[in-house]
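First comes the structure, then the notes that go with it.
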Amino acid sequence: MRNFIFLLAAAFLFFSPSTNAQLPRNDSERQLFEALNRERAAQGLSPLQWDEALFKAARQHALLMLNLNRLEHQLPSESNLEGRLAEAGARFSVIAENIAIGPNPQSIHAGWMDSPGHRKNILAPRLTSVGIAAVHGPGGLFAVQDFSQIVPDLSVEQQEHKVVSLLTAQGFRSANATGDARKTCEMDAAFAGTSARAMIRFEATDLSKLPEDIQRKIRSGPYSKVAVGACRANGAAGFSRYRIAVLFF
C-alpha cells in the first residue's frame, strides 16, 4: 500500500515550527534508513535527510498500528497522512508513506523494493526527507516510512534576502521600500505605496529560482530597482508555501 500526495493548489497556508523533540532511534529504524539511502545511492540519487517531525509522526502511527494490530494508512480516530505530519510539526510540498509488517528490517525493505508503488516512493527524486519507525509486536515488526519534500522554515527576512539576491544577480538595485512590499504581500489586490511602476505577487515552495511570472515581468519593462516583501499567509500547518511580493521601480 502507498500514499503519495503532490501539492495541487496554490492555497495560502499558515505553518508552525517543526518540533525539536529528539526520539531515540532503535536498530531496526537505523537499518531501514541505511538500506533506503543505499538504494538511492545506487541510482545516483541524493540521500534523504532524517527529519524528527516525520519520525515522530511515523512512530506514533506505527505504535497505533501495533496496538490495533491493523496495517492501514489511516486508522480509526486518526488524521490522514497530511494531518498526521502537520500535527507533528512538519512543513512540506510533497508527502508519501510506506507501511509494512514483517519479521525483520531486511524482509520489510526487500518487500518494499519488490513493490512498484513502495519502490517509487523510496526512489522518488523530488523527496528530500524521511522519518522511519519500526516497533516490535507479537505479530511481527510494524514499520512506517514517512517521506516529504521539506519546505524550510525561513523567517520573513530570510525569504526576502533570497529573492533580493536573485534579482540583484540580474542587475537590479534594491529600492528602499521593503515596508510597502510587505504590506503589498498581505493585500489581495493592488499594492501599497505610490511610486512603484509594477508589482508581482507569487507563491512558491522553492526560493532558489525566480518564478516565470517574475521573469516575464523583467523582460516586459525597463525596470531598474526592486523591493521585496514576504508575509506569513493564513492557513493550517502542513502543505506550505512562501508568499512574496515584488515591487518594480
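We number each residue from 1, following the sequence as shown.
With respect to the salt-bridge test (charged N to carboxylate O, under 4.0 angstrom), the residues Arg119 and Glu39 do not qualify. Classification of Glu29 and Arg59 as a salt-bridged pair holds, one side-chain N sitting under 4.0 Å from a carboxylate O. A salt bridge links Arg182 and Glu157; the closest N-O separation between the charged side-chain nitrogens and carboxylate oxygens is under 4.0 Å. Ion pairing of Arg219 with Glu212 is present here, as a side-chain N (NZ or NE/NH1/NH2) and a carboxylate O approach within less than 4.0 Å.
Gln106 and Gln31 are linked by a side-chain donor-acceptor pair at a separation below 3.5 angstrom, with hydrogens and angles left out of the test.
Using a 4.5 Å heavy-atom cutoff, the side chains of Lys120 and Ser115 are not in contact. Contact check for Arg241 versus Val151: no side-chain heavy atoms found under the 4.5 Å cut-off. Within the 4.5 Å cutoff, the side chain of His73 has no heavy atoms near those of the Leu81 side chain.
Using cut-offs of 30° and 60° for the angle between ring planes, the Phe33 and Trp50 rings count as perpendicular.
Because its NZ or CZ atom is not both nearer than 6.0 Å to the ring centre of Phe202 and within 45° of the ring axis, Arg243 does not count as a cation-pi partner of that residue.
Considering only residues two or more places apart in sequence or on other chains, Arg30 meets the salt bridge (charged side-chain N to carboxylate O under 4.0 Å, His left out) condition with Asp27.
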Only pairs under 3.5 Å count here: list side-chain donor-acceptor contacts from residues 132-150, not counting sequence neighbours, and write none if there are none.
from: Gln145; atom 1: OE1; to: Asn98; atom 2: ND2; distance (Å): 3.1
from: Asp146; atom 1: OD2; to: Ala58; atom 2: N; distance (Å): 3.4
from: Gln149; atom 1: OE1; to: Ser93; atom 2: OG; distance (Å): 2.4
from: Gln149; atom 1: NE2; to: Arg126; atom 2: O; distance (Å): 3.0

